[in-house]
Novice: 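Attaching a single structure in structure tokens format; questions to follow.
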2 protein chains.
Amino acid sequence: MASTIKDIARVAGVSTATVSRVLNHLGGYNEDTEKKVMAVAKALGYRKNENARSLVQKSSKTIGVIMPEVTTAFYGDIIKGIEDVAYEYGYSVILTHAGSQGSRIQESMNLMGERRVDGLIIVSVELHEPAMESLLSLDVPYILISTKTKREDAPYIKVDDERAAYTAVKYLIDHHHRTIGMAGANPEDPIAGAPRINGYIQALLDHGIKVDLNLIKAGDFSFESGKQAMQAFLEDQAKITAVFCASDEAALGIISACFERQISVPEDLTVVGYDNSKVSSMSIPPLTTVAQPLYEMGKAGCSKLMDAIIHHTSIESQVIAHELVVRQSVKKLS
Amino acid sequence: MASTIKDIARVAGVSTATVSRVLNHLGGYNEDTEKKVMAVAKALGYRKNENARSLVQKSSKTIGVIMPEVTTAFYGDIIKGIEDVAYEYGYSVILTHAGSQGSRIQESMNLMGERRVDGLIIVSVELHEPAMESLLSLDVPYILISTKTKREDAPYIKVDDERAAYTAVKYLIDHHHRTIGMAGANPEDPIAGAPRINGYIQALLDHGIKVDLNLIKAGDFSFESGKQAMQAFLEDQAKITAVFCASDEAALGIISACFERQISVPEDLTVVGYDNSKVSSMSIPPLTTVAQPLYEMGKAGCSKLMDAIIHHTSIESQVIAHELVVRQSVKKLS
DNA sequence: TTGTACGCGTTATCAT
DNA sequence: ATGATAACGCGTACAA
């Protein structure tokens, strides 16, 4: 059984108060007693009990992270960013996922409450109203990463998906593509779906290209949905020269479907992805894609949260700049 | 500020003892008082304080997970498996990573100790002796996933890398490949490196093929190391017809390098990966690879740990079966 | 400089 | 069936 400050006090012949002071370097004691206490602590293999500390300090030095059920390197990067700064501040990270379609989200919130987390980060999960209420009832600072809610005052950090999509499609237009398809986005998804579709549409409109809704193939951002989209394009005998995808995985799905049919990318078809996930540089051909700075978003989000926790300030939302990473999946028409 | 059982007791006009009993459904009270207490608890928005509970129960209902710094979907799957079963048992997961080359591992262990985790899972990080001592000093059940240590008694769960590598190379030999290269493995890595190399060598020996050490290109399992290996093969003008890679990423590196030089896979060169990570099905061509059941390993590992925590039993190591997933990156010679 | 004593929120023992 | 009350390990006013 682990030793306590009482044990140290007894062995060292001082009071627990003194032990506590020494252990926390609060000053106000002799060098002698300090040395003695430290020595005994080491000898006894003392290790502070954070739970007991949490009780009296009314702070658990812990933050909660709720992420989606799906496990991609995508979230890995964000979480690493979070954990890195939390660690720096001496905070621990409790992790849980929200279950399929967020089924576990209420319970997750509750759990975080019971653990008395000092702050909460929600990554990429959509918050409906009841979940939002649970979140607020926790009464701790929080920030959403790569999500938003209807509530205007909920602080978030994300890229402007509509503008990012716009950038990508404009890039295609600048290279003289005129018949451009879109794949992989779920229009019902108000966070990552609809905005990207809107950006796509707006870019076309702004450049005098009329929008053909048949060229928009809905999906769920997955590899499979990319494959299916390509299949649909072929069945439609669509005359597209390029496809803008709502995710890298969907883009790989397009490429994979092309590969099966001997359609060459980018010679026969241009493909642009979204995310700049690790695979985008490893694909054949390397994928031109929209980059979200995931690790940085995790870091920035957690920094803001720490700031809010420590200084009792409120968090301001932040739109992070996206970037178009040009590789080799786009053919430059003339 | 959150309400406590004292608040409930006061408002409901009973003692804290009774409140505690009701809240924990321990029985031994009137229906009336039960209803009253429950009503007040709800009205006050009561939420139990797990930290306080941990103190008196000497159990934090928490397990710690230490993983490597690198963030791939690989670990995501394992962690999801862990979290799923932990959640089932009502346990929370505290996550931390071990820093680059495990620089933070000692601190991580210490942190887990201070949080009084009931058990610990180490994922894929190599434990040197001092780290091992820290681990044991925590005096809680633990299990290693996808790692081992020199200590025979340290429970682990992993696939037999040597046999898995053997299987993959034998598959190549069965399809009449005779000059087979190996790429991406770090021979200094006693966990994932050396055994895979040994499996490769053993498979060759068992089939009367002499081993050419020049055909073994060391690496760090990364995409880059795969590319470099391919470059080396070309500079050597090696007459290989196939390459066995120690990771899928390295395999993609090989393929990428081939792509740049118009070498076609698998027509001109056969490639086999290792991990069956998500990318292996998305690559061009889809990758034949060795599968480790990551999610299942996470689940199984956590189940064993839970068992050990709850029943105070010890954990037995387990070797999980690997599997060769055949896709389209292998050419069948005759 | 050091010690006493109380409180944090909860469970558990022992009375009643 | 219910209530006092003592822990659990720690921090901290207040005293000395």
Novice: Closest heavy-atom contact between A:Leu111 and B:Ser92?
Specialist: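 Between these two residues, the closest heavy atoms are CD2-OG, 3.4 Å.
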Novice: Rounded off to whole Å, could you give me the CD-to-P distance for the A:Glu114 and C:dT10 pair?
Specialist: 10 Å
Novice: Just to be sure I understand the geometry, which residues of residues 53-61 of chain B put a non-hydrogen atom under 4.0 Å away from DNA chain D?
Specialist: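 Under 4.0 Å from DNA chain D: B:Leu55, B:Val56, B:Lys58.
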Novice: Less than 4.5 Å apart, side chain to side chain, heavy atoms only: is that true for A:Asp307 and A:Thr313?
Specialist: yes
Novice: Has the side chain of A:Arg21 got a donor or acceptor atom sitting under 3.5 Å from an opposite partner on the base of C:dG3?
Specialist: yes
Novice: Send over the distance from A:Leu26 CG to D:dA13 C1', rounded to a whole Å.
Specialist: 13 Å
Novice: State whether A:Asn24 places a side-chain N or O below 4.0 Å from either non-bridging phosphate oxygen (OP1 or OP2) of D:dG11.
Specialist: yes
Novice: Would you mind telling me which of C:dT1, C:dG3, D:dC8 lies closest to the side-chain atoms of A:Ala17?
Specialist: C:dG3
Novice: Under a 4.5 Å cut-off applied to non-hydrogen side-chain atoms, are B:Gln292 and B:Ile320 in contact?
Specialist: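 No; the side chains remain at least 4.5 Å from each other.
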Novice: How long is the line joining CD of A:Glu31 and P of C:dT2, in whole Å?
Specialist: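 About 11 Å, once rounded to whole Å.
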Novice: Should B:Lys6 be listed as having a side-chain N or O under 4.0 Å from OP1 or OP2 of C:dC8?
Specialist: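 Yes, within the criterion.
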Novice: Please report, rounded to the nearest Å, how far the P atom of C:dT10 is from the CZ atom of B:Arg47.
Specialist: 12 Å
Novice: Rounding to a whole Å, what distance do you find between B:Arg115:CZ and D:dC10:P?
Specialist: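 Distance, rounded to whole Å: 14 Å.
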Novice: Check the surroundings of atom CD in A:Gln57: do more than 12 heavy atoms from other residues, nucleotides or ligands lie under 6.0 Å from it?
Specialist: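 It does: A:Gln57 CD has more than 12 such atoms within range.
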Novice: What nucleotide, of C:dT11, D:dC10, D:dT2, holds the atom closest to the side chain of B:Asn30?
Specialist: D:dT2
Novice: Considering heavy-atom distances to DNA chain C, does A:Thr16 or A:Thr33 have its closest nucleotide positioned more toward the 5' end?
Specialist: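 The 5'-side residue here is A:Thr33.
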Novice: Heavy atoms only: give me the nearest A:Lys61-A:Asp118 pair and the separation to one decimal.
Specialist: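 Heavy-atom minimum between the residues: N-OD2, 2.8 Å.
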Novice: Does C:dT10 have OP1 or OP2 sitting under 4.0 Å from an N or O in the side chain of B:Ser20?
Specialist: no
Novice: Are B:Arg104 and B:Thr96 side-chain neighbours, meaning at least one heavy-atom pair lies under 4.5 Å?
Specialist: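 Yes. Closest side-chain heavy atoms under 4.5 Å.
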Novice: For B:Ile66 and B:Ser108, which heavy atoms make the closest approach, and how far apart are they?
Specialist: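 That would be CD1-CB, 3.8 Å.
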Novice: To check you understand the geometry: which heavy-atom pair defines the closest contact between A:Ser146 and A:Ile191, and what is its length?
Specialist: O-CG2, 3.8 Å
Novice: For the helix from C:dT1-D:dA16 to C:dT16-D:dA1, measure the angle between the helix axis at one end and the axis at the other, each built from five pairs, rounding to 10°.
Specialist: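 Inter-axis angle at the termini of the helix from C:dT1-D:dA16 to C:dT16-D:dA1: 40°.
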Novice: Less than 4.0 angstrom from a charged side-chain N to a carboxylate O is my criterion; do B:Lys35 and B:Asp32 meet it?
Specialist: no
Novice: State, to 0.1 Å, how close A:Arg116 and B:Lys48 come at their nearest heavy-atom pair, and which atoms those are.
Specialist: NH1-O, 3.1 Å
Novice: What is the separation between atom CD1 on A:Ile8 and atom P on C:dG3, rounded to the nearest whole Å?
Specialist: 14 Å
Novice: With sugar-phosphate meaning primed atoms plus P, OP1 and OP2, does A:Asn51 contact a base, only sugar-phosphate, or nothing at under 4.0 Å between heavy atoms?
Specialist: nothing
Novice: Say whether B:Asp84 and B:Tyr295, considering side chains only, have a donor N or O and an acceptor N or O under 3.5 Å apart.
Specialist: yes
Novice: Under 4.0 Å, heavy atoms only, any strand: does B:Gly27 hit a base, just the sugar-phosphate, or nothing?
Specialist: nothing
Novice: Is the phosphate of D:dG9 approached by A:Thr4 (side-chain N or O, under 4.0 Å from OP1 or OP2)?
Specialist: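 For A:Thr4, the contact criterion (side-chain N or O under 4.0 Å from OP1 or OP2 of D:dG9) is not met.
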Novice: Which residue, A:Leu23 or B:Gly28, contacts DNA chain D at a nucleotide closer to its 5' end, judged by nearest heavy atom?
Specialist: B:Gly28
Novice: More 5' along DNA chain D: A:Thr18 or A:Ala2, using each one's nearest nucleotide?
Specialist: A:Ala2
Novice: For A:Tyr46 and D:dG11, what is the distance between atoms OH and C1' respectively, to the nearest whole Å?
Specialist: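 Roughly 11 Å, once rounded to whole Å.
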Novice: In whole angstrom, give the distance that lies between atom NE2 of B:His25 and atom P of C:dT10.
Specialist: 15 Å
Novice: Of the candidate nucleotides C:dT11, D:dG11, D:dT2, which contains the atom at the shortest distance from the side chain of B:Tyr29?
Specialist: D:dT2
